[in-house]
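Residue numbers begin at 1 in each chain, while the letters A, B, ... track the order of the sequences.
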2 protein chains.
Amino acid sequence: MHTRRSKPPTIPQDINIDVLEDTLSFYIRTINIAVSRDLDERLEGLDVAKGTGKITTLLLVDDYPGIRPSVIAHLIMRDRSAMGRLIDQMEDHGLIRREISPEDSRAQELYITEAGTALAVKIREIVPKQSRDFFSFIPEDEQRLVTDILRRAYRRIVGLHE
Amino acid sequence: MHTRRSKPPTIPQDINIDVLEDTLSFYIRTINIAVSRDLDERLEGLDVAKGTGKITTLLLVDDYPGIRPSVIAHLIMRDRSAMGRLIDQMEDHGLIRREISPEDSRAQELYITEAGTALAVKIREIVPKQSRDFFSFIPEDEQRLVTDILRRAYRRIVGLHE
DNA sequence: TATTGTTATACTCTATAACTATA
DNA sequence: TATAGTTATAGAGTATAACAATA
């Protein structure tokens, strides 16, 4: 049986979470848990569930053939060792493949496979829809507002132009 | 040596992350990694670093003496088993203690210790400051806007009045 | 029969460091 | 000496299920 999210009968409605009430990082961290769980459910069985990196990797490799692992690692905020394991997994699943760069034999280039392309098609449908659905109780204009601000935050954090 | 976040020399500035560009869940999930990492650094050595639950638990137990584990579990989106281990840890660190509820001997009540109170004082300073600092490149009014919207999202998700 | 909390297990993610090979 | 990627390992967090005691 799965005991999680078994809401106790009485959650005091007037509860106040102290200084966290006004703390953006608290909401980011907490909502992250809920939205990630929901996304995992929607991706069940799709070789790309769990963790934040696989979806981004798949789409980037599809869009930028030959992209380097270290570039993706930077964009998904992982180190090279975590990135390597992630690529191992995706290679095992036949979604992408590595080649050694002809220009610099230390470096690798990543390419998508047919299976990867097919999965990317599904992903492009599921992922944005999951986000819209999950946050559907937020009015659309507010959703867009938050997204715009957080996009800029993200780009700032990883050092992309805004 | 710590290899993470070693930005590769050339991150193409015109890179586009496909459908994720407009996907709120992507930004929540990715920024979560960065902000959690930064928070952990600021809390280093404080018995309350790592994971999302300890800080909230400490503050709630301090504010609501006798609060039940299952209520906190619900508010931090963990199941009762994870909550139990979290309480074990905090009890080991001498921050809180458990008592069996006189009204219902299945249930527990949580109380703060002196060490817990002292830590809560520090936390109340560090945590909101960390959030403000981390997001300082977002203008203050936008930060407030995002916080207000996400607060409502959070309350909606956990079933608190808005 | 449902609820509160516990225990156990397997899996994943994370942080860190040391390593190889190439530039 | 710096860079790209690999390997190894210890620690945390997560999901799941089965459990005991009480209501």
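- The side chain to side chain donor-acceptor pair (under 3.5 Å) test applied to B:Arg97 returns B:Glu99, not counting sequence neighbours.
- Applying the ring pair (Phe, Tyr, Trp, His ring centres under 6.0 Å) test to B:Tyr154 and every residue at least two apart in sequence or in another chain returns A:Phe26, A:Tyr27.
- Distance B:Leu39 CG to D:dG13 P: 13 Å, rounded to the nearest Å.
- Taking a cutoff of 4.0 Å between a charged side-chain nitrogen and a carboxylate oxygen, B:Arg124 and B:Asp63 qualify as a salt bridge.
- Under 3.5 Å, the side chain of A:Ser81 and the base of C:dT16 form at least one donor-acceptor pair of N or O atoms.
- In terms of position on DNA chain D, the residue among A:Ile33 and A:Gly84 whose nearest nucleotide sits closer to the 5' end is A:Gly84.
- In this structure, B:Gln108 places its CD atom 18 Å from P of D:dA20, rounding to the nearest Å.
- Picking from C:dT4, C:dC13, D:dT9 the nucleotide with the shortest atom distance to the side chain of B:Ala107 gives C:dT4.
- In this structure, B:Ala82 reaches neither bases nor backbone, as no heavy-atom distance under 4.0 Å exists between it and the strands shown.
- At a threshold of 4.5 Å between non-hydrogen side-chain atoms, the residues B:Arg151 and A:Asp22 count as touching.
- The listed nucleotides are C:dT6, D:dT6, C:dG5; the one nearest the side chain of A:Arg98 is D:dT6.
- Atom CG of A:Asp79 and atom P of D:dT7 are 14 Å apart (whole Å).
- Across the protein-nucleic acid pair, A:Arg80 atom CZ and D:dT7 atom P stand 14 Å apart, rounded to whole Å.
- The CE-C1' distance, from A:Met83 to C:dT14, rounds to 16 Å in whole Å.
- The side chain of B:Arg37 places an N or O atom within less than 4.0 Å of a non-bridging phosphate oxygen (OP1 or OP2) of C:dA15.
- Distance A:Asp88 CG to D:dT6 C1': 9 Å, rounded to the nearest Å.
- If A:Arg85 and A:Pro69 are placed on DNA chain D by their nearest nucleotide, the residue sitting closer to the 5' end is A:Pro69.
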Polar atoms only, N or O, under 3.5 Å: list the protein pairs with nucleotides 21-23 of chain C and their distances.
{"unit_1": "C:dT22", "atom_1": "O3'", "unit_2": "A:Ser105", "atom_2": "OG", "d": "2.7"}
{"unit_1": "C:dT22", "atom_1": "O2", "unit_2": "A:Arg106", "atom_2": "NH1", "d": "3.4"}
{"unit_1": "C:dA23", "atom_1": "OP1", "unit_2": "A:Ser105", "atom_2": "N", "d": "3.1"}
{"unit_1": "C:dA23", "atom_1": "OP1", "unit_2": "A:Ser105", "atom_2": "OG", "d": "3.0"}

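- Per the geometry, NE2 belonging to B:His74 stands 16 Å off C1' belonging to C:dT4, to the nearest Å.
- As rounded to whole Å, 13 Å separates atom P of D:dT6 from atom CZ of A:Arg68.
- Of the possible donor and acceptor atoms, none in the side chain of B:Asp18 sits under 3.5 Å from a partner among the backbone N and O of B:Leu20.
- Side-chain atoms of A:Ile28 and B:Ile28, non-hydrogen and from C-beta on, do get closer than 4.5 Å to each other.
- Within the structure, every side-chain polar atom (N or O) of B:Lys54 is placed at least 4.0 Å from both OP1 and OP2 of D:dA12.
- Between B:Ser25 and A:Gln130, the shortest heavy-atom distance links the atoms OG-OE1, 3.8 Å.
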